[in-house]
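One structure is given here, and the rest of the page talks about it.
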Amino acid sequence: MRQTTLIAVLTIALIGASTACRKTAGPADVAAARLRCESLSDPMGIDAAHPRLGWVLQPAGPGLVGRGHRQAAYRILVASTPSRLAADEGDLWDTGRVESNLSIGIEYAGQPMTSGLRAHWKVRVWDESGRISEWSEPAAWSMGLLEPGDWSGRWIGMNVGEPTPADEARRLPARYLRREISLAGDVEQATAYISGLGLSELSINGRKAGDHVLSPALSEYDKHVFYIAHDVTALLQKGANAVGVVLGNGRFHAPRVKDPTGMRNYGLPRLLLRLDVRFKDGTSTSLVSDGLWKATDRGPITADNEYDGEEYDARMELDGWDKPGFDDSKWAAADLMDAPGGRMTAPMIEPIRVVETLRPAAVTNPKPGVFIYDLGQNIVGWCRLHVQGPAGTQIRLRHAETLKADGTLYTDNLRSAKATDVYTLHGGGAEIYEPRFTYHGFRFVEMTGFPGTPEADALEGRVVHDDMERAGDFETSNPLLNKIAANILWGTRGNYRSIPTDCPQRDERQGWLGDRSSVSRGEAYLFDVAAFYAKWARDIADAQKGTGSVPDVAPAFWFCYNDGIVWPSTFVIVPRMLLDMYGDAGTIKALYPALKKWADYMAGFLKDGIMPRNTYGDWCVPPETPTLIHSKDPARVTRGDLISTAYYFYDLGLMARAAEIVGEKADAARWRQMAETLREAFNRTFFDPAKGVYDNGTQTSSVLALAFGLVPEDRRAGLFAHLVEKIEKESGGHVGTGLVGAQWLMRVLSDNGRPDLAYAMLTKSDYPGWGYMVSKGATTIWELWNGDTADPAMNSGNHVMQIGDLAIWMRQYLAGIRPDPESPGFGKIIIRPTPVGDLTWVRGSYESVHGTIRSSWKKEGGELILEVTIPPNTTATGYVPAASPDTVTEGGRPLNGAEGVKVLRTEAGCVVLAVESGAYRFAAKI
Ligand code: RAM
């Protein structure tokens, strides 16, 4: 026993010695991993001519990140086949050794990328001592169809079923389209390119292609139409083959006929498809959608609507319809349809998938024949039903977020959305059903019509959203805070529908811009949203009018062009978030002309130096009565022009930085000048020098002035003191902002020295606040602070907007993981944890584009212990809460002389360190 310990100690000592004097021979301690192309993992069918490549550096073997590792050089190989890549033959691109520490955003510059080309690639790196790593695991991407002429097929569908003016909803039966193809040879490789609008599923020889659901991504179909590339090699066979496509309505054939905001409708569902087959003998063939396809709308999906649900009659199943030899003589010839008008485009985002399956937590039987399933969690997706019974039995599944007092479903807040799936049994054995062309936001499901008494496992909850990688963990010693963090996570994932939506359950589900202002930055700590938000930024650009006007909702399925500042500001905010969090300047560069057009257009509205355009004010502040949605109390409401002027000021700062990035120096100077004029007008108009507050002094008015740096320096402390008093006295320590103030609130409190107040606010369980929601059983974040009592006309139980900057605050302040603006994308990192309140520990991690960052702290034995991991090829500035360097140790040894660490200064109760890559354990006396 003692001997083993001794050996262990010796080994550790030896390892210590070997890291202290750097190895210069042998393989590198680091290697490239997590290869990404356009921020995606092995994407199929992209259309970037020069895809951007990136990787992270990881320890080459098991174990911790070593100290001070950097990438001195890299070599990328791109090959046309896996075997060429395996033989180190970069026939498409071989960069040779490139002296560079760059590991993200490296533009492919090899042989020209052509339609359908498949590229296989790998990377190796040289470290700071000139040692070379092993090759990374291989990765791949494939190109989509790049030329408009590649789409030689026709749009097809069925030209029947337009609603009558009396109809409220569009509930077409799904279209089934099929075509057979005989293949003379053995298939080497086959790719299907498909755009089935609004939603579609492709199957070949009875098997579904891929695992995407709710596909393709949403767009304004007259601007861009997204298509998906599937590798279908394994589905095809020599001889007879059948290709089948089911078409649903989605948002193309819009869910509502009449709608207060004028819901955009694009027409009847339609399909464009091309299937490319290459044979082993080198020859090839293709199949395209055209008038030779057959079609029917008399299949089992008898109606589908995203808001209302799907109806499926299993007795109408078309056995073998997507297999060869099916008798389609009674089917019609497919109708040729008009092209939707938009450019055929690769979506360049991860697909939506079923990502998790939940078992019910409880089943109740509040009335005869009515069974209520409780999933224990408000989710987004649908149910999988397991049933056996007589043919024609009809089971109805209604979905809701909450229950009434009598235990039955509460659906008032869904407004007109029926959220009901109806399944009619085929009979004759076990049946499994799950819908495809609808989705619901729900925790509770009411099942009626079940033959007999259903078991708990008759239903499962299927969680459905954009399948993005999780971006890290966060946990603390406070269970309420953890629950709030979990609610944020569930709420966020429930509002990904190839666009960020406001809500998933009622008759809305739109991409409201204002909801994602700072919230989008917080999401980056939850999921890898790099590609997702780049896509949405392009969606917003698509929605921009020729005048420069940007709507409040994008894609503009709802027609909300109000020319307020705040919601459209997200158009400028998101590209900057992508730069800061992912080091991706591509969106700023691509969209700069559009951003500029909007900022200039809005400048035309300035009046007396003030931006008067405001539509929603500080949306959803805590109101004065329990049932109210919007406060009418002048003391709670922040002036619209104050908010707008503050936001425009902030936007102009972002525009100036964007202009610098694209090299438009004159623009940058102009934006900065405008911002200064605005600051002056803002203070002249809204600041009350006697009281030292802005206008009526709401929480939001103070928060914005502090967050954006609008308040004169000598008035800052006074204004902050006012904000604190407002929160502590008037609001009893509670949040008093709506969507707008909440985007900045927690950070303003912390940055001005009161993280304790932010923490106290967050951990309150009484009204209003996030903790209050938890105390009322919320498993997501509500739209309204009074979501348990408010009028159901606008009261979603699953909204992200009131998350505000909470997700940011948890990671950047409590755990303390922040990007350093000096090197966007966490090339440089700031580690600045905030031990606060009664927290005894916080554990945080973040999967940055440069690798895994960790920052965890705990209070133990009179010490604060801070464990930090800085990934290879990055550096950090670390803030260790301590009075002086002498009171801090690293790895049990004095800080001075610790490898990879340099003491810079002591500042605001912290010892500030320059930290190289590596895993560290700092301990400071408390
Ligand atoms: C509601 C939405 C959204 C908000 C707009 C102004 O309908 O749910 O969250 O941004 O209004």
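Atoms within a ligand are numbered from 1 in the order they appear, just like the ligands themselves.
Of the polar atoms of Asp502, at least one N or O is found under 3.5 Å from an N or O of ligand 1, judged by distance alone. Of the N or O atoms in Tyr616, none lie within a sub-3.5 Å distance of an N or O in ligand 1.
Listed by number with element, the atoms of ligand 1 under 4.0 angstrom from any heavy atom of His799 are 2 (C), 3 (C), 8 (O), 9 (O). Close approach of ligand 1 to Glu508 (heavy-atom distance below 4.0 Å) involves ligand atoms 1 (C), 2 (C), 7 (O), 8 (O). In summary, the atoms of ligand 1 found under 4.0 Å from a heavy atom of Trp567, numbered by their order in the structure, are 6 (C), 10 (O). Taking every non-hydrogen atom of Met801 and a distance limit under 4.0 Å, the qualifying atoms of ligand 1 come out as 9 (O). Listed by number with element, the atoms of ligand 1 under 4.0 Å from a non-hydrogen atom of Arg506 are 1 (C), 2 (C), 7 (O), 8 (O).
Scanning all protein heavy atoms for the shortest distance to atom 10 (O) of ligand 1 gives Asp515 OD1, 2.6 Å. Closest protein heavy atom to atom 11 (O) of ligand 1: Trp619 CZ2, 3.3 Å.
Look at Arg497 and Glu306 and you find a salt bridge, because one of the NZ, NE, NH1 or NH2 atoms lies within 4.0 Å of a carboxylate O, short of that distance. A salt bridge links Glu624 to Arg636: one of the charged nitrogens lies within less than 4.0 Å of a carboxylate oxygen. Contact check on Arg415 versus Glu508 returns a salt bridge, with a Lys/Arg side-chain nitrogen under 4.0 Å from an Asp/Glu carboxylate oxygen. Taking a cutoff of 4.0 Å between a charged side-chain nitrogen and a carboxylate oxygen, Arg171 and Asp304 do not qualify as a salt bridge. Look at Asp308 and Arg256 and you find a salt bridge, because one of the NZ, NE, NH1 or NH2 atoms lies within 4.0 Å of a carboxylate O, short of that distance. Between Arg576 and Asp580 there is a salt bridge, since a side-chain N of the basic residue sits under 4.0 Å from a carboxylate O of the acidic one.
Judged by the 6.0 Å distance and 45° axis criteria, Arg493 is positioned over the aromatic ring of Trp490.
At least one heavy atom of Glu783 lies less than 4.0 angstrom from ligand 1.
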